[in-house]
Amino acid sequence: MFIPMLDNRSDLEKPFTDPGMWQCSICAHENDTSNLSCELCGVLRDLSLYFNNISETEAGAKRRNKYSGVSVLARSLFAPSSTKSKAIIFSDGSQDNRNATGNKQATMDALHKTYMPSKKRHINIAVQIKDSVDATGKKMMDSGILQTEKDTSMDPCTSAEVDKLGGTSSSVPSSNQQVTPILDHELQHLSLESKPKSSKPKIKKPASISEYKPEPWMLQSEDQEIRRQLNLAIVGHVDSGKSTLCGRLLHALGLISKKQMHKYEKEAKEKGKGSFAYAWAMDDSTDERERGITMTVAVKYFDTEKYHVVLLDSPGHKDFVPNMISGATQADAAILVVDASVGSFEAGMGVNGIGQTKEHSQLIRSFGVENLIVAVNKMDMVEHSKDRFNFVKLQLGIFLRSCGFKDSSITWVPLSAMANENLVTAASDSRLLSWYNGNCLLKSIDSLPPPHRDVSRPLRLPICDIIASITLGQVAVCGKVEAGGIRTGSKVLVMPSGDLATVKTIERDSSSCNLARAGDNIAVGLQGLDPGHLVSGGVICHPDFPVHVASRLELKILVLEITTPILVGLQFELHIHHARVSASLVKILSLLDQKTGKASKKMPRLLTARQAAVVDVKLDKEVCVEEFSALKALGRAFLRSGGNTVAVGIVTRILDEAKV
């Protein structure tokens, strides 16, 4: 029996088992001659209807051989990706009509009739037009043709190819909306959408500060019986007794219970540090207790008759001076603690090099602190000697005057923290009473003049630290409000990232409150902000009056007691409020006469100790800053190199302002 060979040139050459039926070349299903495609798999019966010439017919035969067992519709939808873009085009036009790009055109009715058999089965194509945007995101303005193109290398499930389609013309409504095709069958939930890119909120151009007017709630009324807040920094040389003084003061005021104090004493004795029991009220961390020194700024609160005092216990060790700068920069006034015992006072004054008594005195004056209490501690170690007290007062007084402190702004208080002598009550020791009749420490604090609060300027809240708590949430910061005011529900701008956020909660002294004004130390919970955009040294400010962000500054500096001259090119660490950034000295613009403040020499080659100069510095990264004339708290600078503070100064001009 002779069996003819099949060459796949055309489906019409396939043998038929029944004159009224035709056999599918893919699945061998018997179909009625009235069907143009297989009822079972959907393969086309006669490809000659769709190819104009023999070359296209042969190309179609090759495609069938390559994907045997798969329908033409399935092949076109799920074929491997290619670098050539394929398209489906719906338009008005006649059969065998090609557009300018070479794509075949067909009506939706022709596509429906061609791909589906005539029995029961159909595809509804619902086209909802929201914007004439193609799948690649390009807008089309042609009202007669709706064209959707997509590179199949990106999504093979959405590409299809129609080689030749004919039928009656149909129109598709068009408007400036997105296109979302919905197929009720296999492609039912497929949608092509173009989502707008998320854009970063644009920061408004800074308005003039003169245009700012404080809101009524920022102005504290006179009849409110609220104690003024006083930020009091405790500074001094290491081992001068700062933490012990703070702990003893809090205990004497009843803020540390007997039970808690007993616990501190027991733990201190177990570690062989019995004399550190009161210091442990301030030094909470394990490292601080093991080493017996303060490493970070501890914060405690107490009330006097006049003030609500925020106690800032600063580290005295030279390795932690950067931490001292970050904390004590918030101070309104300071207590300088010196050790009266022989040898210890001299060490703090730096007989064999600069001591922290001198360095801390220079720093706190540079912070803008004008009122100072000098607590001459450990007087019991020198038998409450008047001569020793006068010696300390004479030696240290000369240096303090050289730093810019006035004699009328300095209060000298002899005391003994460990013995609770002259802290909260008048001295009781007869040796001290014989020659001292001044105020005790607590009354000296109450006698300090009230600090100035600037609510007339826009909000400025330098970020001291980034925190998280149950009440504040996972995105929260703490710091001192340097200017303006802040309240819950208000919008704020977080710099230098430039993100807008909403104030969710405010806490003062671990208690919730609705608002805070200049001078308040607070913690703020924010929402609508990525926590990764918060940095210590950043600033929360008014959305319409953002803080400046600079990468190059002009500084007016005073060189401290240094042994190595400062040369152009010096690499140092620059401290501005809570920000710390590496910087380099670009130019020494001029030397200044310290008496007149005028330039005495242009472009000097170097700077030596006690010289004043105007310099140009370049920062390794941007920092939030204000000129000193605009806001003092954000315009003070400190230069440190080799573990020592080499110069202090102010920002006179912003040379290169970063665009956020």
Side-chain angles (χ1 to χ4, degrees), residues 203-215 218-219 231 325-326 329-332 363 365-370 404 451-464 479-486 492-498 516-520 535 537-558 574-581 583 589 592 597 612-619 621-639 647-660:
I203 302 174
K204 295 181 181 180
K205 186 177 180 180
S208 174
I209 299 296
S210 60
E211 299 175 9
Y212 176 77
K213 294 181 179 179
E215 298 180 48
M218 295 182 185
L219 304 175
N231 299 302
I325 293 174
S326 179
T329 188
Q330 306 174 53
D332 300 313
L363 288 174
R365 184 65 189 95
S366 302
F367 296 154
V369 172
E370 296 179 353
H452 172 67
R453 302 304 187 202
D454 190 2
V455 296
S456 62
R457 293 182 178 272
L459 172 65
R460 294 291 184 266
L461 172 58
I463 299 174
C464 177
K480 177 188 174 185
V481 183
E482 295 291 355
I486 187 172
V492 294
L493 186 65
V494 180
M495 299 295 278
S497 65
R517 302 180 181 88
D520 291 339
V535 293
V539 175
I540 294 176
C541 51
H542 193 290
D544 297 329
F545 301 90
V547 69
H548 295 285
V549 180
S551 58
R552 193 164 178 173
L553 303 170
E554 180 185 274
L555 305 178
K556 182 187 291 185
I557 64 170
L558 173 66
L574 183 70
H575 294 250
I576 297 180
H577 54 90
H578 302 294
R580 294 163 58 180
V581 59
L589 300 175
L592 298 178
V614 178
V615 297
D616 178 358
V617 299
K618 184 178 180 181
L619 315 181
K621 63 179 182 180
E622 294 84 5
V623 67
C624 298
V625 66
E626 294 280 7
E627 292 181 0
F628 184 78
S629 58
L631 184 60
K632 294 180 179 180
L634 271 65
R636 294 188 176 96
F638 310 92
L639 286 64
V648 295
I650 59 174
V651 179
T652 54
R653 195 154 58 99
I654 297 173
L655 300 177
D656 187 6
E657 185 169 359
K659 295 180 180 180
V660 181

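If you read the sequence from its start, that first residue is 1, and numbering goes on from there.
- Under the 4.5 Å side-chain criterion, counting only non-hydrogen atoms from C-beta, V614 is in contact with E554.
- Inter-residue side-chain proximity for C464 and Q330 is flagged as met; some heavy-atom pair is nearer than 4.5 Å.
- V369 and A331 get closest at one heavy-atom pair: CG2-O, 3.9 Å.
- Partners of R552 under the salt bridge (charged side-chain N to carboxylate O under 4.0 Å, His left out) rule, at least two apart in sequence or in another chain, are D616.
- Qualifying side chain to side chain donor-acceptor pair (under 3.5 Å) partners for E627, counting only residues two or more places apart in sequence or in other chains: none.
- Looking at D454 and R457, a side-chain N of the basic residue comes within less than 4.0 Å of a carboxylate O on the acidic one, giving a salt bridge.
- Residues P543 and L493 come closest through the heavy atom pair CA-CB, 3.9 Å.
- The pair R460-E626 meets the salt-bridge criterion, with a side-chain N (NZ, NE, NH1 or NH2) lying under 4.0 Å from an Asp/Glu carboxylate O.
- No side-chain heavy atom of V535 sits under 4.5 Å from any side-chain heavy atom of I463.
- Note on R453 versus D332: salt bridge recorded, some NZ/NE/NH1/NH2 to OD/OE distance being below 4.0 Å.
- Between A483 and A518, the shortest heavy-atom distance links the atoms CA-CB, 4.0 Å.
- The side-chain heavy atoms of L639 and V648, taken from C-beta on, include no pair separated by under 4.5 Å.
- Side-chain contact between F638 and L574 is absent, with no heavy atoms from C-beta onward closer than 4.5 Å.
- Inter-residue side-chain proximity for L461 and C541 is flagged as unmet; no heavy-atom pair is nearer than 4.5 Å.
- Once rounded to the nearest 0.5 Å, the distance linking OG of S629 with CZ of R653 reads 12.0 Å.
- Rounding to the nearest 0.5 angstrom, the gap separating the CG atom in D656 from the NZ atom in K618 is 8.5 Å.
- The nearest pair of heavy atoms linking G537 to C624 is O-CB, 4.3 Å.
- Under the ring pair (Phe, Tyr, Trp, His ring centres under 6.0 Å) criterion, H578 pairs with no residue, sequence neighbours left out.
- A550 approaches V625 most closely through the heavy-atom pair CB-CG1, 3.8 Å.
- Listed here is the closest heavy atom pair of G519 and K480: CA-CE, 3.9 Å.
- By the salt bridge (charged side-chain N to carboxylate O under 4.0 Å, His left out) test, E622 pairs with no residue at all, sequence neighbours left out.
- Taking the side chain as every heavy atom from C-beta outward, H577 and V539 approach each other to under 4.5 Å.
- Checked against side chain to side chain donor-acceptor pair (under 3.5 Å), R636 has no partners two or more places apart in sequence or in another chain.
- Contacts of V617 classified as side-chain contact (heavy atoms from CB on, under 4.5 Å), with partners at least two apart in sequence or in another chain: L553, L555, F572, L585, V615, L619.
- You'll find the side chain of L459 stays beyond 4.5 Å of the side chain of F545, heavy atoms only.
- Atom CD1 of I650 sits about 12.0 Å away from atom CD1 of I576, to the nearest 0.5 Å.
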